[in-house]
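This report refers to the structure that appears directly beneath it.
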Amino acid sequence: KNNAFNDAEMILFSEFKAKYRTTALTFISFSEVNYTYDRELLVDYFGCVFDLLRSLIKRHISPKSLDRLDVVQEVMKDGTLLDALFDYDDIENGLSRHLSVICCKLKNLIDDEKI
């Protein structure tokens, strides 16, 4: 917006968007095919997405905001949240009951070509 990104950042944005889309599609795939969830793969994908995002926005936001991004990244790198989302044995009581809602929102974003 408002040409805030320079040419190098626009290239980085393209990389970020592609990796984010791949991560979203992988996430959706794991939700649609039971017992295919691969923690290490998703943690790696999310790590790449966060690294690209951080590189892209670091000159545009405050250090405090970057610290907040780092907190979210640490949660995703831990994998515990992902494990809870993909706990196929606790669909009724655990976080996995939210998985279909998350995937529906991701599918809408993909269908609308926003990611």
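Predicted model, so just to flag it, every value in this text is computed and none were measured.
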(message) Is there a path of hydrophobic side-chain contacts, each under 4.5 Å between heavy atoms, that joins L53 and V71?
(response)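 Hydrophobic grouping puts L53 apart from V71.
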(request) Answer with yes or no whether the hydrophobic clustering places I11 together with F13; edges join I, L, V, M, F, W, Y residues whose side-chain heavy atoms lie under 4.5 Å apart. (result)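 Different hydrophobic clusters.
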So how far is it from [X] [atom1] to [Y] [atom2], rounded to the nearest 0.5 Å?
| X | Y | atom1 | atom2 | result |
| --- | --- | --- | --- | --- |
| D38 | F30 | CG | CZ | 5.0 Å |
| K114 | L106 | NZ | CG | 13.0 Å |
| R54 | S65 | CZ | OG | 11.0 Å |
| T26 | K19 | OG1 | NZ | 7.5 Å |
| L56 | F16 | CG | CZ | 7.5 Å |
| R68 | S62 | CZ | OG | 6.5 Å |

(message) Is the distance from the ring center of Y20 to that of F50 below 6.0 Å?
(response)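 For Y20 and F50, the ring centres are not under 6.0 Å apart.
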Closest contact, heavy atoms only, [X] versus [Y]:
| X | Y | value |
| --- | --- | --- |
| F86 | S31 | CE2-N, 3.6 Å |
| L99 | L85 | CD2-O, 3.6 Å |
| V43 | M76 | CG2-O, 3.6 Å |
| V33 | T36 | O-OG1, 2.6 Å |

(message) side-chain contact (heavy atoms from CB on, under 4.5 Å) for Q73 and F46? Distances and angles first, verdict last.
(response) CA-CA 8 Å; Q73 183 176 15; F46 276 115; over 6 Å; no
So [Y] and [X], do their side chains get closer than 4.5 Å, heavy atoms only?
| X | Y | result |
| --- | --- | --- |
| R39 | Y37 | yes |
| E32 | I28 | yes |
| D112 | K107 | no |
| S55 | D51 | no |
| E9 | I57 | no |
| L52 | L12 | yes |

(request) Would you check if the side chain of S29 reaches a backbone N or O of L25 as a donor-acceptor pair within less than 3.5 Å? (result)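 Side chain of S29 to backbone of L25, a donor-acceptor pair under 3.5 Å: no, none is there.
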(request) Output yes when E113 and K17 qualify as a salt bridge under the 4.0 Å nitrogen-oxygen rule, no when they do not. (result)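 Looking at E113 and K17, the cut-off is not met.
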(request) Might you confirm whether atom CG of D7 has over 12 heavy atoms from other residues, nucleotides or ligands at distances under 6.0 Å? (result)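 Not more than 12 within 6.0 Å, no.
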